[in-house]
Amino acid sequence: MAQKKGQRGATSVAADDSEVVARIPLQAVLLADSFNLKFRPITLERPKVLLPLVNVPMIEYTLAWLDSVGVEEVFVFCCSHSQQVKDYLKESEWMKPSSRFSITTVESHDAISAGDALRVIYEKSVIRGDFVLISGDTISNMNLTQALQEHKERRKKDPLAVMTMIIKHSKPSNLTHQTRLGTDELLMAIDPQTKELMFYEDKVNPSIISIDKELLANNTWVYLHNNKQDCYIDICSPEVLSLFMDNFDYQHLRRHFVKGLLVDDMKDHLIDSLTSSDVRYKLHKICAFYIELGLLAVLIQSHLALPVFMYMIMGYKIFTHEIHSSYAARIDNFRSYGTISKDILQRWAYPLVPNFQYFGISSKVKLDRQGVYSAPDVVQSRSARIGATTLIGSGTTIGNHTGISNSVVGRGCTIGNNVCIDGCYIWDNVIIEDGCRLNHAIVCDGVHLSAGVVLEPGVILSFKVEVGRLITIPAYSKVSLRPQPSVQDSDEELEYADASSAVIESPCTFYTHDLFNCFSAIVACISITSMVSNRNAESSPDYSAHEVGISGVGYIWSTNEGEHEEEWRHSIAPIPEAKLIELSHAYLEEPDVAYLDVNDFLVSGEVKPDSESIGFDDGDGGDYGDSADFDKEVEATFHRALTGVNQETVILEINSLRLSCNKSHADCAGALFFSMMELGLEAPRSSNNWLLVIKLDMFGSDNDNHGVDCELYQNIAKEINKWKDLLKHYLKSVDEEASIYVVSFRFYEPYIYQLEMCICYIQFAIEVILKFEEICLETATELAPLFSIILSYLYEKDILSEDAILSWASEKEGADESDKIFVKQSESFITILHMKLIGPQNWLKEASEEEDEDNGDE
Amino acid sequence: MTRMDFEVVVLAGGASSNLSPLVSQELPKALLPVANRPVLSYVLELLEGSNLKDLIVVVEGEDAAQLVGGWISGAYADRLHVEVAAVPEGVGTAGALRSISSYLTANDVLIVSGDLVTDVPPGAIAATHRRHGAVVTTLLCSSPVSGPSDSGTSGGKEKAKKPVRHNIIGLDPTRQYLLHMATGAEVEKDIRLQKRILQAVGQMEIRADLMDAHLYAFKRTVLQDILDQKDKFQSIRQDILPYLIRTQLSSEVSGNGLVSSESGSNKSAVQDELRWLSQHREIAPSTFQDSQPLSLKSQRDDQRSHKCCVYIANESKYCARLNSIQAFSDINRDVIGEASHLSGYSFSAQNNIIHPSAELGSKTTVGPQCMLAEGSKLGDKCSVKRSVIGRHCRIGSNVKIVNSVVMNHVTIDDGCSIQGSVICSNVQLQERVVLKDCQVICHFFSVLYNLPTSWYGRKKCL
């Protein structure tokens, strides 16, 4: 009790503190739905949060924790079996006036994911401040005060810090690559100073981890963790809800939301590097203001739209808070159910322990030595042996020579003689007749096991299943009164089809009721009396039709061969030793595989110096194909424009392409230019081509254009003239809006902004010229002699500025000889430009100097 | 003092292309002057200080080897036992080692790049290497804050926005083991890690602010095996080291018994600490959770791993490599500036070194962090700041030299202004030349007026 008081004291202090800051009571959103199928078939009949964990429904633990950390308002979101949850809560202590916080249930039947749930909560607009997001199957005893404090302080400094995730040390096994909670290993990158989460990946490539280089763009120091466990307790700001609202495709809390934010966050570093947080903060406020006023349309109209929108999804940050000595874990699958049950029995989650009067349901159990808990009214034979870490619920009777160890037995169970139970979770009112052997199984309420039944490790018996005499249920079987749903059925309840749950359930084949046919295979359970079957008939009418003579009260759910392989991962049973040995062999063999990978790694590493010397900027070969695709798409769009689509539509289409392919405006301009050239090239071939060889005196004698396909030039000039607006749009106007680099300067420093724009423009224009070069070299060699003329044409038409051309020329200066043909070709043109730009006197001076050097060389 | 049983190989390079036009056939990289003494002397003295006196200096190219050998035998005849070996040009660091590897006999080999200027004692790396029984131990130091002359003057702005990244390095939480290293072009790419290694340690520290200083201690047998077996390997930094890091959990090197047979019984005594790190560290161990039979663990603990260790130099230590022109200027500046203890000279009260035989004209000022070698003459009203001036230079009046290196026998006429530049031996600059971030190497330079600022960093080679 003293402990409890202490905790209250601490949290009330925290509450006071938060009141000073915000005067908003601490709220919590509790998701009373796991949105996955891992607990099937049990969850077909009862929601997961109401399943007993050490004889107390899981939600009780979560609510107790929320109560202990000073939460004042809880919104329980229920979806599947919502009535059951509501009924339960209505009866519970929490709803009584004596309760320290208020519970509101929010119900929705069409939510299929946590994302949907949060969207529903958002629509109710009940969340006013920071809130705790937790699912109803989380067990913790951590003190949230510090994490809350950190979160609030961060928020004050940086309003973009929207979420604090609680993490905990947990090293996944080297062999199975999963934690002791049966969850897959998790890869996180965390900034050691700020604790900012930089990277989150739960599906890790088996041998090589690849991390975006942007991760280190602004940090020189990052911790990469493979030994942390996500506790699924989050402190969120109200923005989180609106983010879910804005990104209606966010479903999964981690896979979509967290990763989505982090990926956007990468881009944000660009902004970060250019602007102070103060400016960003103001920009943020402006956005919020506009949106509040419903001025979205105005925003879109004004050219603020793009940066503002980009800004809105970007820049949010997620932080982590690591707990060390306290307990926090989420029941994700059967293995974690087993592990957490044992942790509770072993008092790791103190004060959430069986003999503590913490819950609404008081289970008056007494702790004996060796961690044996038993209710006072247990009727136990003198010869029964209760082994270590076991809990026996009230009203249970245990027969002679029965051994129970490492197990939890519920209330009102009847266990016969010579029964052997190890590592099992037996819920309420279960009847186990003589001579049964149960090994690492979950046995739900009302199950009846006849004499001599053997449950092999990993068996799940759902509610009211009955098993006939001397039957052996094979390992990892799941038996339920409900037939296994077909795929369609499962979709209905499957809130969000997530890949890992599919491991267990996905290709569900509907088990025909025709037990005769599959009798031998499934060893269906045999009902003992027709009376029993009649009783069951009420609950499942389908079933009674097949009651003639045989005797199954329950279906064994099928699993595929392939699934069976993975069954051990999430099962309640410990990983069999044979499996471990197999894995360790695989682990030892693995080097070969890894070495192969390494070899290809090596190649890439060794080739690099060469590829570098080539010096082309197509980056790594990886996205080359990508950009080719992009070019094609743009070309197609452009061709559509030829057929009469209005130019603005084209711009819109290309913009969307750009966003989806993650390209820059420069790429667009390049691709557009490419298509124009193609167009110009196609034309002369269709007409009778008469060649006129002209000597272009204007462009000097030093270049090697012996003759020029004049018509080709005219065609191209025509095309360029026709589409120059489009091209210019990409080179000039849009860039202003799009260049996120300069977004915030817009408001404050128009001059810097102008300057930056200029630089941006030049970059883009250079991109176009480079593209042009590429075209001349690779795709359309006939254009090569025309290069300088077209370049000058582009200049005349004000598509390219002199700055751009000059900086292109100077960029090329250091390049290989082969690379410089075009620079040479247009040398005289460049000289003219140069003259224009710096004035003739200066130019002369420089030229003479150049000459000097040339002489020196000789 | 007991013998350390380390052999030392100094890779002195040849006429490195990075450093052209500073280096040439006449002046190999190893002999480039840093504060008026060859850069190689810094390494040699460092080794001497750690009592490592048997050295093999490997030089690329016969001519260069003769030059270097001649200099060493002159300067260190009675102090060090040095063998100079010439290797063909362009064989790479691994190739250079391969050609001398048959001469190596000691248990461990210390390999030092000849262009290293540091005060980190090599003995510390050797000790770390021995303590861990590592296959390779690398010296890491913090990346130098590069960029031209961060201390004042313009010019630095566009370049020095971000510190240059030399390496991306993955360390274990105790910072003893090297788990990942990206060099060269890989630094700019996405980080690719081997998952097994991360799994083994659980937590990896990824640092971009450390630099591989090219001082390695190798286990000799392992090094020789790799050189023999992987004849494609060209470079220590790009091939051998990454190879060892990658294979540290699936070592073939020690797996084939070569190492264990060599090093005898002490191999088994060296506990494989990486494995130790990888043991389950469960916060809430259950008696139930004995799912991992111990036998399995020990089974995995076979000798299939080797260790790649690091020695991270203290931040206060100086560590730089002369591998670019920028580095050349930086190191020259630092050695007479912040890392002045390296230069081996004693500084005057004005924190500069002016050789007694140097002559200064009237109203000429030589600022702190400057060096003026013997026989140099400065005219009137000159100003020298943070620069090194070599022997027997003749400098006229009204000359301004800032942040520059002027080598020997240079003549600079009146009114010149030199900023952030390197002027090689025997150059003659005529009146009122203005240089900014230039390197001038040959013999004659004509009269020039203000160079436009866009001519930054142009190399002038007349």
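Quick caveat, the model's predicted, so the values are computed rather than measured.
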task = Determine, step by step, whether A:Y223 and B:M204 satisfy the side-chain contact (heavy atoms from CB on, under 4.5 Å) criterion, reporting the C-alpha distance in whole Å, the side-chain angles of both residues, the deciding distance to 0.1 Å, and the verdict.
result = CA-CA 6 Å; A:Y223 270 134; B:M204 192 190 281; over 6 Å; no
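- If you measure heavy-atom distances from B:I168 to chain A, the contacts under 4.5 Å come from the side chain alone.
- Taken to the nearest 0.5 Å, the CG atom of A:N226 stands 11.0 Å off from the CG atom of B:L193.
- Here the closest non-hydrogen pair linking A:L224 and B:L198 is O-CD1, 3.9 Å.
- More than 12 heavy atoms of other residues, nucleotides or ligands shown are found within 6.0 angstrom of CD on A:Q193.
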